[in-house]
Student: 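Quick one: the structure is below, questions incoming.
Model, not experiment: these values are computed from the prediction. This chain uses plain numbering: 1 for the first residue, then up along the sequence.
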Amino acid sequence: MSATTPVFSVQGLWKVFGPKAGRVPADPELSALPPADLRSRTGCTAAVRDVSFDVRRGEVFVVMGLSGSGKSTLVRCLTRLIEPTAGTIAVDGEDVRAMDRTRLRELRRHRAAMVFQHFGLLPHRTVLDNVAYGLEIQGVGRAERRARAAGVVAKVGLEGMEQRRPGQLSGGQRQRVGLARALAVDPEVLLFDEPFSALDPLIRRDMQEEVVRLHREEGRTMVFITHDLSEALKLGDRIALMRDGRVVQLGTPEEIVGSPADDYVREFVRDVPREQVLTVRTAMRPASGDEAGTGPALPPTATVSQAIVAVARAGAPARVVDRGRCLGVVDHERLLGVVAGTEPAENPGENPGEHPAGNLAENSAEEPAKEVV
């Protein structure tokens with residue numbers, strides 16, 4: 001499969017709960033109704049509305065929104081844990097909605113592993129046997145699966161705890177077991193459904209760091225669902241930010257913070273420390289005179305806060321250098337302008353019309369997911 005082929009490609013995806021659900025995406029008048037009007041007129045709830053996006057190989061793609069935005073419904077549709085109402089889903093170019101039971105089972109067991117908020121560990125099994133459970137389901141022999149599980153247990157920082165049972169572990173340790181269980185089957189993509197939201201803040205931060213480390217070391221594709229903006233900004237290569245079932249902006253953390261698409265996004269990111277998210281590209285200007293050859297050098301990925309420190313220490317503008325070439329310089333005035341929000345970002349957010357990541361209406365944990373039982 002080509003490296004440019006998206007791992008997941010989603011086009012025009014709908015999930016509607018209620019009577020005669022299929023009529024909603026098929027009828028332009030019904031599909032355009034606001035959520036309350038749709039429920040009043042049809043008795044249906046559109047949990048996912050006309051969603052389209054690609055997940056690129058090796059990226060962390062974050063879907064975030066407040067409670068009731070459909071994040072969990074969406075991630076479950078990707079592997080048909082919830083059956084979509086309309087639209088297409090492809091994994092490595094293969095039509096997920098056309099898969100038979102055998103192929104779908106292979107997708108869930110080998111290619112796309114879920115990490116849930118509730119760990120679902122088997123209480124009577126040890127850590128090692130919990131981690132090896134997915135391999136056991138795959139039919140891997142006992143000696144091999146335990147050896148592979150031991151390697152993954154060490155990778156997530158649980159070495160020495162192999163023989164403990166879930167009841168002997170902290171919440172963070174149990175979540176590490178859940179992560180290790182997903183990693184043990186060596187999936188192409190990890191799907192995280194708000195896995196850390198029930199953890200204490202310090203443990204949550206440790207688990208976020210663990211995900212960052214694993215991604216840095218392995219380059220594994222991840223889809224991460226969260227309601228927490230700081231978590232999204234920390235983990236995401238790209239973020240789909242939703243409101244009332246619609247993706248109002250899809251872009252990098254820098255694009256979303258630096259160039260909010262509308263007043264809702266602007267309000268959403270108002271309290272984010274811009275200098276810790278935006279890079280020096282947002283404050284860069286052309287070098288003049290001998291500036292290209294003097295002053296401290298910073299990579300294009302350096303944050304504005306790092307540049308402020310460098311400029312203050314040097315008492316002179318800093319160069320933005322990539323592979324030996326000076327791209328421009330940043331000075332005290334432009335850096336403070338970015339912090340204050342008076343300098344326009346150089347990387348505008350992607351137009352949601354061009355990237356119609358669509359509408360996701362209600363979180364399946366909080367909306368009528370029970371109707372799918």
Student: Does Arg220 come within less than 4.0 Å of Asp186, counting only side-chain N to carboxylate O?
Tutor: yes
Student: Taking CD in Glu159 as the centre, count heavy atoms belonging to other residues, nucleotides or ligands within less than 6.0 Å. Is the count above 12?
Tutor: no
Student: Shortest non-hydrogen contact from Pro123 to Pro166?
Tutor: O-CD, 3.7 Å
Student: How far apart are the closest heavy atoms of Ser69 and Leu66, and which atoms are they?
Tutor: OG-O, 3.0 Å
Student: What I want to find out is whether Glu217 reaches Lys155 closely enough, with some N-O distance under 4.0 Å, to be called a salt bridge.
Tutor: no
Student: Go through Thr226 and Asp228 one step at a time and tell me if the side-chain hydrogen bond (donor to acceptor under 3.5 Å, both in side chains) criterion holds.
Tutor: CA-CA 5 Å; Thr226 183; Asp228 186 282; 5.3 Å; no
Student: Is the shortest side-chain N to carboxylate O distance from Glu94 to Arg111 below 4.0 Å?
Tutor: yes
Student: With side chains defined as the heavy atoms from C-beta onward, is the minimum distance between Leu81 and Arg108 less than 4.5 Å?
Tutor: yes
Student: Can you tell whether the side chains of Arg56 and Asp237 come within less than 4.0 Å, N to carboxylate O?
Tutor: no
Student: Does the pair Thr279 and Glu254 meet the rule for a side-chain hydrogen bond (donor to acceptor under 3.5 Å, both in side chains), with working shown?
Tutor: CA-CA 7 Å; Thr279 67; Glu254 184 170 12; 2.7 Å; yes
Student: May I ask you to decide whether Asp193 forms a salt bridge with Arg76, counting only side-chain N to carboxylate O separations under 4.0 Å?
Tutor: yes
Student: Is the ring centre of Phe8 less than 6.0 Å from the ring centre of Phe61?
Tutor: no
Student: Using 4.0 Å as the upper bound for N to carboxylate O, is an ion pair formed by Glu209 and Arg213?
Tutor: no
Student: Taking all heavy atoms of Leu190 and all of Ala182, pick out the closest pair and write down the distance.
Tutor: CD2-CB, 3.6 Å
Student: Under a 4.0 Å threshold between the charged nitrogen and the carboxylate oxygen, would Arg204 count as salt-bridged to Glu231?
Tutor: yes
Student: Taking all non-hydrogen atoms of both residues into account, name the closest pair between Leu30 and Arg23 and its distance.
Tutor: CD1-O, 4.0 Å
Student: Show me the donor-acceptor pairs, under 3.5 Å and distance only, between side chains in residues 317-324 and residues at least two apart or in other chains.
Tutor:
{"residue": "Arg319", "atom": "NE", "partner": "Thr294", "partner atom": "O", "Å": "3.1"}
{"residue": "Arg319", "atom": "NE", "partner": "Gly295", "partner atom": "O", "Å": "3.1"}
{"residue": "Arg319", "atom": "NH2", "partner": "Gly295", "partner atom": "O", "Å": "3.1"}

Student: Using a strict 4.0 Å threshold on nitrogen-to-oxygen distance, state whether Glu29 and Arg41 make a salt bridge.
Tutor: yes
Student: Using the rule that Ile, Leu, Val, Met, Phe, Trp and Tyr join whenever any side-chain heavy atoms are under 4.5 Å apart, tell me whether Leu235 and Leu183 fall into a single cluster.
Tutor: yes
Student: When you check the gap from the basic side-chain N to the acidic O, do Arg57 and Asp92 get nearer than 4.0 Å?
Tutor: yes
Student: Does the side-chain contact (heavy atoms from CB on, under 4.5 Å) test come out yes or no for Ile225 and Met64, once each step is laid out?
Tutor: CA-CA 6 Å; Ile225 309 299; Met64 78 150 298; over 6 Å; no
Student: Is it true that Glu136 and Arg125 make a salt bridge, defined as a side-chain N closer than 4.0 Å to a carboxylate O?
Tutor: yes
Student: Taking the basic N atoms (NZ, or NE/NH1/NH2) and the acidic carboxylate oxygens, is any pair closer than 4.0 Å for Glu83 and Arg80?
Tutor: yes
